[in-house]
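See below for the structure under consideration.
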Amino acid sequence: QVQLAETGGGVVQPGDSLTLSCVVQGGTSSSVAVGWFRQAPGKEREFVASIGWTGGTLYYADSVKGRFTISRDNAKNTVYLQINSLTPEDTAIYYCAADRATVPRRATAPADYWGQGTQVTVSS
């Protein structure tokens, strides 16, 4: 049974950078495409970025293009989300989702697996 574990969240200041990790446990990460989503307080969950099985396919939400970078290291069973120039609007719980058949791109579409999330708080 595949499980996802997100790490790397925390409290940071505006302008800082952060790298989140999504570790694929109980299986090989190359068997799943992975997406990052976030949910801010009082808002619906939204798509952030996603990556295909080998890393050759990348998708980003328009709102994060240029600041967020998704990547993966299948040897480490890990997918990363690097976030630069953080703003208070990036404050949210960040989730990773994995799917064996499709690249996750819609927050409302079911994925095979979801992590528990990691909190990112941007505050001065």
Side-chain angles (χ1 to χ4, degrees):
Q1 178 71 15
V2 171
Q3 292 184 319
L4 306 178
E6 304 99 330
T7 60
V11 180
V12 297
Q13 294 188 337
D16 284 353
S17 296
L18 201 63
T19 299
L20 307 180
S21 299
C22 172
V23 179
V24 179
Q25 302 170 330
T28 55
S29 64
S30 59
S31 67
V32 293
V34 177
W36 283 97
F37 299 79
R38 66 183 180 183
Q39 187 164 17
K43 295 187 177 180
E44 295 184 349
R45 188 175 299 185
E46 65 175 354
F47 167 73
V48 173
S50 58
I51 189 167
W53 294 260
T54 62
T57 300
L58 304 176
Y59 298 104
Y60 293 96
D62 288 341
S63 60
V64 305
K65 284 181 181 178
R67 290 196 304 122
F68 287 35
T69 302
I70 190 170
S71 62
R72 68 188 301 158
D73 184 343
N74 285 339
K76 296 182 178 180
N77 284 340
T78 303
V79 175
Y80 304 97
L81 183 70
Q82 182 177 345
I83 310 172
N84 296 324
S85 303
L86 281 151
T87 73
E89 288 68 38
D90 294 317
T91 295
I93 300 175
Y94 285 72
Y95 300 89
C96 62
D99 198 276
R100 291 164 294 180
T102 61
V103 180
R105 295 180 63 186
R106 294 173 55 195
T108 55
D112 291 333
Y113 313 103
W114 283 87
Q116 294 299 308
T118 185
Q119 175 72 49
V120 173
T121 302
V122 185
S123 174
S124 56

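Fair warning: this is a prediction, and the values are worked out from it, not measured in the lab.
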Please report the shortest heavy-atom distance between [X] and [Y], naming the atom on each side.
X	Y	result
A98	A111	O-CB, 3.7 Å
Q119	T91	NE2-CG2, 4.1 Å
P104	A97	CG-O, 3.8 Å
S124	P14	N-CD, 3.8 Å

Using atom types as modelled and distance alone, determine if a side-chain donor or acceptor of [X] lies under 3.5 Å from a backbone N or O of [Y].
X	Y	answer
R105	A61	no
N77	T28	no
E46	R38	no

The single option from L20, T7, L81 passing side-chain contact (heavy atoms from CB on, under 4.5 Å) against T118
L20
Can you check whether [X] reaches [Y] side chain to side chain, under 4.5 Å on heavy atoms?
X	Y	result
Y113	D99	no
C96	F37	no
V103	I51	no
W36	C22	yes
V79	I70	yes
V23	L4	no
V122	E89	no
Y60	F47	no

Atom pair OG1/CD of T121 and Q13 - distance to nearest 0.5 Å:
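Separation between the atoms: 13.0 Å.
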Distance to the ring centre below 6.0 angstrom and angle to the axis at most 45 degrees; does that hold for R45 and Y95?
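The answer is yes, since R45 meets both limits relative to Y95.
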Verdict with supporting geometry, S30 and W53, side chain to side chain contact (heavy atoms under 4.5 Å, CB included):
CA-CA 5 Å; S30 59; W53 294 260; 5.7 Å; no
Could you tell me whether the side chains of S29 and N74 share a donor-acceptor contact shorter than 3.5 Å?
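A donor-acceptor contact under 3.5 Å links the two side chains.
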Residue pair V120, L18: steps toward the side chain to side chain contact (heavy atoms under 4.5 Å, CB included) verdict:
CA-CA 9 Å; V120 173; L18 201 63; 3.8 Å; yes
Do I93 and W114 sit in one hydrophobic cluster, given that two such residues count as connected whenever their side-chain heavy atoms are within less than 4.5 Å of each other, even indirectly?
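Looking at the clustering, W114 is in the same group as I93.
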Are there over 12 heavy-atom neighbours, none belonging to Q116, within less than 6.0 Å of that residue's CD?
no
Option passing side-chain hydrogen bond (donor to acceptor under 3.5 Å, both in side chains) with R67 (candidates D90, N84, T87):
D90
Taking the inter-plane angle between the rings of F68 and Y94 on a 0 to 90° scale, is it parallel (under 30°), tilted (30 to 60°) or perpendicular (over 60°)?
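Answer is tilted, since the angle falls between 30° and 60°.
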